[in-house]
Amino acid sequence: MSKQLIGQGVARGIVIGRAHLLAPSELDIRQYHIQRGDVLHEVARLNNAFSVVRAELEQLRANVSEDAPAEVKAFLELHRMILDDSLLCDAPRDLVRTRLINAEWALTIQLEEVCRQFEAIEDEYFRSRSQDVRQVVERVLRRLAGGRPSPMALAPKLQEGERLILVAHDLAPADILHFREDASEAVAGFITELGGPTSHTMILARSLGLPAIVGVGEARTAVAEGDLLVVDSDAGRVHVQPDEQALAEYRRQILLQTQARSELRKLRGKLPRTKDGIPVELSANIEMPEDVRDALDAGADGVGLFRTEFLFMNRDQLPTEDEQFESYAKVARAMKGKPVVVRTLDIGADKVLSYSARQSLGLARDGGEGQGLEPNPALGLRAIRYCLAYPELFLTQLRAILRASSVGTIRILVPMLAHVHEIEQALQFVARAKEQLKERRQKFDGRISVGGMIEVPAAALNLGPFIERLKFLSLGTNDLIQYALAIDRTDAAVAYLYEPLHPAVLQLIHQTIRGGARAGLPVSVCGEMAGDVGCVELLLGMGLRRFSMNPAQLLSVKQRLFELDSKLAARLAKRVVRMHDPLQIRAALERAERQGGAMGRPLAGPRRTPRRR
Ligand code: PEP
Ligand code: MG
């Protein structure tokens, strides 16, 4: 039966496709037979998952405070004992070998066997321990899920021309990277039950040009495998099993969108400027070197943000200096002299290195195995903090970026700075990397600019040291909003509070743009706000002249600029920054947009009502 589900759209467009439900990543227990030649690999996956969980439990134990109740340690000890029991750790290996089944299947068979034995015990205490066994096994399964094969292998059969809509409880940035490699042709869109619109997962989905909707509460219950779905990302709506009449209407809208897109393409070669002739720079955000194609295709003035951390994810070994150099140089060469802003590693929070990559760093400071164990990863060892904690990692990357500066116009951007000493240390590292290259007699641009991201409110409020020490600033509004409003950008439960138009956020942005302009320092916005057509007039009015966004948004933003008068925009911004209510601000922007005769669209914004998970 036809039904509609509501969430938050995170990219533009409507797509039709067949639902493919992904097992929750936390408990992926797909069962399949393997070839004899794959036995060693499957056993190694099991061994690795067990040792990772062992390390996790040890770390948890080490973190238990002295005054914690004795039961806490006893409970962790019990889990550790269960994990080491040969019934759980040896028997599944034998099952893999003898029955030629995958690791997850073997482990679940053994889990049921162990639980059956427990449940047969008369003593109630022991009987109830089967729950602990399940929890331990779930932990191991979760680890196994980290290295799972492509979910596409299990997708429903498609008719000619059909594509898939992936329906998941949650997706990690790493999952999207897998889809890019394995299945980008087959996937038309995403729906997730969790997640915020500016989570890195969704930024990546957007970079694939795929409509996606997050925070669709019970998506995996309401949608069945193979259902026909319409994802209307503009409206934040999923239509499940639409009838013929609704389908025809969606097809008509898709056609209109396709026509509008081909109209937009005509703007490619035109220089971006306002109606009154003020030139504006429109650059592209990229995540992988190959994305440079999209940047060029959209006619970008440069790469305003290269999120390099994606080169480091989903792999066992960290990329070498030479490998990184090739990636940065590839982008620099492709941009043919146009500026490329390479951001240094912003690992941490929702972007994690693999366990073995982290092991190669010594795992000295980030709590052993992982991010999951950090009390609050978005506030933890992330971005520049991570780089300063691992100097070799940072220096290697800086040398690679510097070397690439000899083949194009490269700038270095440092994320998440908040303290003067962080800026100074970052600059010292750049100087050290230059020295090392000089000793090696390798070429680089000695006058390379180093800039900083303004994405921690403390930085925006104390701009002086940034202006004194850096050559340019880039406003990371995604994190600025997250940290100013104390909203985890990945958490669907609080997505309704993620408000780009909150007066406090606008003050921080305005102050930064003004501060930069007064000091003659270039300021750009590279967060998602820069690509939000509904925010262009306000940002322009605040004095912003450099926008960097997902290439998919670039031509829409350019079209909007052509309609805008910079003086009217400045007047609008002046009024808006005095307002105290986001609803009032939103209404003022929408009114201005209508008056300007713009074709526009509703401003992206948070939902008005909280949702329970
Ligand atoms: C931002 O925070 O706005 C930003 C551009 O960086 P990222 O989204 O990668 O955190
Ligand atoms: Mg950021």
Side-chain angles (χ1 to χ4, degrees), residues 10-11 172-174 176-177 195-207 214 282-288 291 295 302-313 340-352 371 377-387 411-418 422 451-460 472-491 495 498-502 505-506 508-509 512-513 523-532 535 539 544 546-551 553-554 604:
V10 293
I176 308 273
L177 288 182
T198 63
S199 65
H200 286 99
T201 303
M202 288 308 142
I203 288 173
L204 278 175
R206 218 174 276 140
S207 79
V214 295
L282 299 185
S283 301
N285 293 352
I286 64 169
E287 279 76 40
M288 296 295 266
D291 298 341
V303 168
L305 173 67
F306 182 177
R307 290 182 163 100
T308 58
E309 52 279 3
F310 290 98
L311 292 171
F312 290 67
M313 291 162 60
V340 175
V341 177
V342 182
R343 180 172 74 182
T344 57
L345 201 57
D346 180 5
I347 213 75
D350 57 342
K351 295 177 284 193
V352 256
Q371 180 199 31
L379 300 179
L381 200 63
R382 184 188 159 185
I384 185 62
R385 304 171 184 181
Y386 205 97
C387 287
R411 296 174 187 150
I412 298 175
L413 177 63
V414 185
M416 223 186 154
L417 292 165
E422 285 170 339
M453 289 204 62
I454 304 296
E455 52 183 348
V456 178
F472 65 98
L473 304 176
S474 191
L475 271 155
T477 50
N478 306 335
D479 279 313
L480 193 65
I481 299 164
Q482 150 161 280
Y483 295 128
L485 302 181
I487 301 301
D488 182 341
R489 60 194 263 204
T490 66
D491 189 345
Y498 189 93
E499 176 55 274
L501 299 180
H502 190 292
V505 172
L506 297 184
L508 294 170
I509 296 173
T512 307
I513 296 173
V523 176
S524 69
V525 171
C526 64
E528 296 301 292
M529 264 179 103
D532 185 338
C535 292
L539 294 173
L544 188 74
R546 290 180 169 81
F547 294 67
S548 188
M549 69 206 75
N550 189 309
Q553 286 303 109
L554 201 136

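Counting convention: from 1, in listed order, for ligands and their atoms alike.
Contacts of Leu480 with ligand 1, taken as heavy-atom pairs under 4.0 Å, are absent altogether. Neither the backbone nor the side chain of Met416 comes within 4.0 Å of ligand 1, counting heavy atoms alone. In Gln482, neither the side chain nor the backbone holds a heavy atom less than 4.0 Å from any atom of ligand 1. Residue-level proximity to ligand 1 for Ile203 is carried by the side chain, the only part with a heavy atom below 4.0 angstrom. Residue Lys351 touches ligand 1 through its side chain alone, judged by heavy-atom distances below 4.0 Å. Under 4.0 Å from ligand 1, the heavy atoms of Arg489 that appear belong solely to its side chain.
The shortest side-chain heavy-atom distance between Val340 and Ile286 does not fall under the 4.5 Å cut-off. At a threshold of 4.5 Å between non-hydrogen side-chain atoms, the residues Tyr483 and Leu379 count as touching.
Nearest heavy atoms, Ala284 versus Pro551: CB-CG, 4.0 Å. The minimum heavy-atom distance between Thr308 and Leu345, with the atom names listed, is OG1-N, 3.7 Å. The shortest non-hydrogen separation linking Gln482 to Ala378 is NE2-CB, 4.0 Å.
Taking a cut-off of under 4.0 Å to the non-hydrogen atoms of Asp479, the atoms of ligand 1 that pass are 1 (C), 2 (O), 3 (O), 10 (O). For ligand 1, the atoms closer than 4.0 angstrom to any heavy atom of Met453 are 4 (C), 5 (C). Of all the atoms in ligand 1, the ones that sit under 4.0 Å from a non-hydrogen atom of Cys526 are 5 (C). Residue-ligand proximity, Arg382 to ligand 1, at heavy-atom distances under 4.0 Å covers atoms 10 (O). Every atom of ligand 1 is numbered from 1 in the order shown, and the set under 4.0 Å from a heavy atom of Leu305 is 5 (C).
Within the set Met549, Arg307, Glu287, Glu455, the minimum heavy-atom distance to atom 5 (C) of ligand 1 is found for Arg307.
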#### Entry: Worked verdict on Ile347 versus Met313 for side-chain contact (heavy atoms from CB on, under 4.5 Å)
CA-CA 9 Å; Ile347 213 75; Met313 291 162 60; 4.0 Å; yes
### Query
How far apart are the C-alpha atoms of Met416 and Asp479, what are their side-chain angles, what is the distance that settles it, and do they pass the side-chain contact (heavy atoms from CB on, under 4.5 Å) test?
CA-CA 9 Å; Met416 223 186 154; Asp479 279 313; 6.0 Å; no
### Task
Determine, stepwise, if the pair Asp346 / Lys351 fulfils salt bridge (charged side-chain N to carboxylate O under 4.0 Å, His left out).
CA-CA 8 Å; Asp346 180 5; Lys351 295 177 284 193; 3.4 Å; yes
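Minimum-distance N/O/S atom of Asp479 relative to the Mg ion (ligand 2): OD2. Within Glu455, the N, O or S atom at minimum distance from the Mg ion (ligand 2) carries the name OE1.
Rounded to the nearest 0.5 Å, atoms SG (Cys387) and CD (Glu422) are 11.0 Å apart.
His200 NE2, 3.1 Å is the protein heavy atom nearest to atom 7 (P) of ligand 1. The protein heavy-atom contact nearest to atom 6 (O) of ligand 1 is Arg343 NH1, 2.9 Å.
Side-chain atoms of Tyr498 come within 3.5 Å of backbone atoms of Asn478 as a donor-acceptor pair (strictly under, hydrogens ignored).
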